[in-house]
Amino acid sequence: MAEGKFVIEVLKKIGEKIEEQKEYLTELDQPIGDSDHGINLARGFGEVEKKLPTLEDKDLGTIMKTVGMTLVSTVGGASGPLYGSAFMKAGMAWSGKMEITMEEFLEGLDAAVEAVKQRGKATVEEATMLDAMVPALEAMKTAGNGAGDAKSVLEAGCKASWAGAEHTKDLVATKGRASYVGERGLGHQDPGATSFSFMLEVVKDSL
Ligand code: ADP
Ligand code: MG
């Protein structure tokens, strides 16, 4: 499904997408947080982009681990360590691999979801990025089992991810900064669930 060159291209496009959606993501973070999610991620992926040329010949594990470490050290905010560990754990799943199959892609995503759960001490229905990640992963596992092609698997994942992001409007946050506003957060879409959906969309559109 994917080799290093493709992954680097996707990471570059994720950076562009985040930059393009920076203001929107930051706006989403205004009523329930501190108006910095888009700014945080754009800073992190800006640093990632600088490192991509040095990663061209590396295995997927090294690429993803480098991205994760860069995000941890540059994003700031809760999303830095969360996305950072997600990328690092996916990298550990892909350690030494120059190429991955769809099944291995999903194993990496599975490891990423587990990393966010552990690091954030959170689960679904708490109005976080997990409300997009978990349904997306489930949908892709189901679609993948039907031996669907990569594009249709990612299409199923994106659909579930955006539905999950939308669903965060109906949830009262119990983790992270958004938990401080309690029920006043109702009706607002979680910025992290939204940024994850944008990232997955980039993967889909790159196939
Ligand atoms: P901060 O909240 O520190 O300002 P960001 O604004 O960059 O950091 O990121 C906020 C996003 O991080 C939220 O929208 C949510 O998706 C995610 N998040 C925050 N805390 C947690 C947690 N404990 N578990 C999972 N995701 C979380
Ligand atoms: Mg914030």
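The figures here come from the full heavy-atom set of this structure, side chains too, leaving out hydrogens, waters and symmetry mates. Quick caveat, the model's predicted, so the values are computed rather than measured. The first residue of the sequence shown is numbered 1, and numbering continues consecutively from there. In listed order, ligands and their atoms are each counted from 1.
- Annotation for ligand 1: atoms under 4.0 Å from non-hydrogen atoms of K175 are 23 (N).
- Near G77, meaning under 4.0 Å from one of its heavy atoms, ligand 1 places the atoms 3 (O), 8 (O).
- When rounded to 10 degrees, the angle formed at the Mg ion (ligand 2) by OD2 (D29) and OD1 (D34) equals 90°.
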Step-by-step side chain to side chain donor-acceptor pair (under 3.5 Å) determination, E125 to H167: CA-CA 9 Å; E125 302 285 308; H167 176 58; 3.1 Å; yes

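- Checked by distance only, ligand 1 and A78 come closer than 3.5 Å through their nitrogen or oxygen atoms.
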Intermediate values then yes/no, salt bridge (Lys or Arg N to Asp or Glu O under 4.0 Å), K22 and E19: CA-CA 5 Å; K22 179 163 86 172; E19 186 60 40; 3.4 Å; yes

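- Counting protein heavy atoms only, atom 13 (C) of ligand 1 is closest to D190 OD1, 3.4 Å.
- For D36, the N, O or S atom closest to the Mg ion (ligand 2) goes by the atom name OD1.
- Counting protein heavy atoms only, atom 5 (P) of ligand 1 is closest to H37 ND1, 3.4 Å.
- At a 4.0 Å heavy-atom cut-off, ligand 1 touches L82 through the side chain alone.
- Contacts between A122 and ligand 1 below 4.0 angstrom, taking non-hydrogen atoms only, involve the side chain exclusively.
- Checking T142 against N145 by side-chain atom types alone, no donor-acceptor pair falls below 3.5 Å.
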Verdict with reasoning, Y83 to S195, per side chain to side chain donor-acceptor pair (under 3.5 Å): CA-CA 10 Å; Y83 272 130; S195 58; 2.8 Å; yes

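- Given atom 20 (N) of ligand 1, the protein heavy atom at minimum distance is G176 CA, 3.5 Å.
- Close approach of ligand 1 to D34 (heavy-atom distance below 4.0 Å) involves ligand atoms 4 (O).
- Residue contacts with ligand 1 for N40 involve side-chain atoms from C-beta outward but no N, CA, C or O (heavy atoms, distance under 4.0 Å).
- Counting protein heavy atoms only, atom 7 (O) of ligand 1 is closest to S79 OG, 2.6 Å.
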Do any side-chain atoms of residues 45-53 form donor-acceptor pairs under 3.5 angstrom with protein atoms, and if so which ones, sequence neighbours left out?
residue : atom : partner : partner atom : Å
E47     : OE2  : K50     : NZ           : 3.0
K51     : NZ   : T70     : OG1          : 3.2

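- Side-chain N or O atoms of R119 include none that pairs as donor or acceptor with a backbone N or O of L82 at under 3.5 Å.
- On a distance-only criterion, M129 and ligand 1 share at least one N/O pair closer than 3.5 Å.
- With respect to the salt-bridge test (charged N to carboxylate O, under 4.0 angstrom), the residues K141 and D110 qualify.
- Judged by the shortest distance from any of its heavy atoms, P191 lies inside the 4.0 Å radius around the atoms of ligand 1.
- Between M199 and L41 the shortest side-chain heavy-atom distance falls below 4.5 Å.
- Here's the thing with K121: none of its N/O atoms is less than 3.5 angstrom from an N/O atom of ligand 1.
- Close approach of ligand 1 to D29 (heavy-atom distance below 4.0 Å) involves ligand atoms 6 (O).
- Closest approach of H37 and D29 over heavy atoms only: N-OD2, 3.2 Å.
- Aromatic rings of F196 and W162 (six-membered ring for Trp) have centroids beyond the 6.0 Å cut-off, not under it.
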Steps toward side chain to side chain donor-acceptor pair (under 3.5 Å) verdict (T194, Q189): CA-CA 8 Å; T194 309; Q189 186 167 313; 3.0 Å; yes

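- Close approach of ligand 1 to G120 (heavy-atom distance below 4.0 Å) involves ligand atoms 22 (C), 23 (N), 24 (N).
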